[in-house]
Amino acid sequence: MRAGLVTALCGPLQARRVHPKIAYLTSDVEPTGPASAGVSAYEVTDVLSAKIPNLRKALISRGIGSVVIKKRGADIVPDQVRRQLKLPSGDKATLVFTRLGERHVVLLTQPC
């Protein structure tokens, strides 16, 4: 980030930053070519509330019981959040706690 490399990747990856201070990029196309080396891509399937009770209900209603938690720009402890969610068994998903503008949100994702 400090070297400006995240922003420099936007053009070659046809992407944009989700927030000016967060090193996550978003795009409508899957990353390809030399610039995508070392890039992990996830498909965002939904944008959910970051409030634990609301998030828990949303995940259970989708049959999700196991989560990998990633974060940028969110003051959370992933293991603590995982315990608070108390999810029953179900499908696996990756949650990304981040900000969109000034809103704290959770991106429900699946690896590409």
Side-chain angles (χ1 to χ4, degrees):
M1 281 209 29
R2 289 185 181 135
L5 297 177
V6 173
T7 302
L9 283 174
C10 289
L13 294 176
Q14 300 177 42
R16 59 196 175 282
R17 295 175 75 157
V18 297
H19 187 279
K21 295 182 178 181
I22 296 176
Y24 280 146
L25 302 178
T26 185
S27 178
D28 294 327
V29 297
E30 191 169 340
T32 59
S36 67
V39 171
S40 297
Y42 294 83
E43 177 185 5
V44 176
T45 58
D46 211 343
V47 179
L48 305 172
S49 168
K51 296 183 189 291
I52 298 299
N54 297 344
L55 178 59
R56 182 177 191 279
K57 287 177 190 173
L59 295 174
I60 290 172
S61 74
R62 290 165 173 78
I64 295 169
S66 174
V67 293
V68 173
I69 298 175
K70 299 181 176 288
K71 68 178 193 109
R72 287 285 187 277
D75 189 19
I76 64 154
V77 177
D79 287 336
Q80 183 179 11
V81 169
R82 196 175 293 104
R83 285 191 302 273
Q84 291 173 331
L85 288 171
K86 299 176 190 168
L87 296 172
S89 61
D91 295 333
K92 187 174 184 176
T94 300
L95 303 179
V96 179
F97 283 73
T98 192
R99 291 186 307 201
L100 294 179
E102 295 304 313
R103 290 180 38 220
H104 287 270
V105 298
V106 177
L107 306 177
L108 177 60
T109 71
Q110 295 291 338
C112 292

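All values below were derived from every heavy atom in this structure, side-chain atoms included, with hydrogens, water molecules and symmetry-related copies excluded.
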Query - Spatial distance of atom CD (Q80) from atom CG (L85) [nearest 0.5 Å] - result: 11.0 Å
Report task. Report yes or no: do Y42 and F97 belong to one cluster of Ile/Leu/Val/Met/Phe/Trp/Tyr joined by side chain heavy-atom distances under 4.5 Å? Result -> no
Query raised in the report: Between I52 and V67, is there a shared hydrophobic cluster once you connect ILVMFWY residues whose side-chain heavy atoms come closer than 4.5 Å?
Result: yes
Query - Within one Ile-Leu-Val-Met-Phe-Trp-Tyr cluster: I22 and L48, side-chain cutoff 4.5 Å - result: no
Query raised in the report: Does K51 reach the side chain of R56, with side-chain heavy atoms less than 4.5 Å apart?
Result: no
Query raised in the report: Linking I/L/V/M/F/W/Y whenever any side-chain heavy atoms sit under 4.5 Å apart, do L25 and V39 land together?
Result: yes
Requested in this report: Side-chain contact test, heavy atoms from C-beta onward, threshold under 4.5 Å: evaluate it for L108 versus I64 and give yes or no.
Outcome: yes
**Report entry** Interatomic spacing from CG in D46 to CZ in R62 - rounded to 0.5 Å
**Finding:** 4.5 Å
**Report entry** 4.5 Å side-chain heavy-atom contact, R99 and V18
**Finding:** no
Query raised in the report: How close do G101 and H19 get, heavy atom to heavy atom, and via which atoms?
Result: O-CD2, 3.0 Å
Requested in this report: Taking the side chain as every heavy atom from C-beta outward, state whether Q84 and I76 have any atom pair closer than 4.5 Å.
Outcome: no
Query raised in the report: Minimum heavy-atom separation for V6 to A23, with atom names?
Result: CG2-CB, 3.9 Å
Report task. For the pair Q110 (side chain) and K92 (backbone), establish whether a donor and an acceptor sit closer than 3.5 Å, ignoring hydrogens and angles. Result -> yes
**Report entry** Heavy atoms from other residues, nucleotides or ligands near NZ of K70 exceed 12 (cutoff 6.0 Å)
**Finding:** no
Report task. Over all heavy atoms of both residues, which pair between G65 and L87 is shortest? Give the atoms and the distance, please. Result -> O-CB, 3.6 Å
Query raised in the report: Only one of L107, T109, V68, L55 forms a side-chain contact (heavy atoms from CB on, under 4.5 Å) with L95, so which one is it?
Result: L55
Query raised in the report: Taking the side chain from T98 and the backbone from R72, do they hold a donor-acceptor pair closer than 3.5 Å?
Result: yes
Report summary line: Tightest non-hydrogen contact, residues K21 and R17, listed as C-NH2, 4.1 Å
Report summary line: For A50 and V106 the tightest heavy-atom approach is CA-CG2, 3.7 Å
Query raised in the report: Minimum heavy-atom separation for C112 to E30, with atom names?
Result: CB-OE2, 3.8 Å
Query raised in the report: Taking atom NZ of K86 and atom CD1 of I60, what is their separation to the nearest 0.5 Å?
Result: 11.0 Å
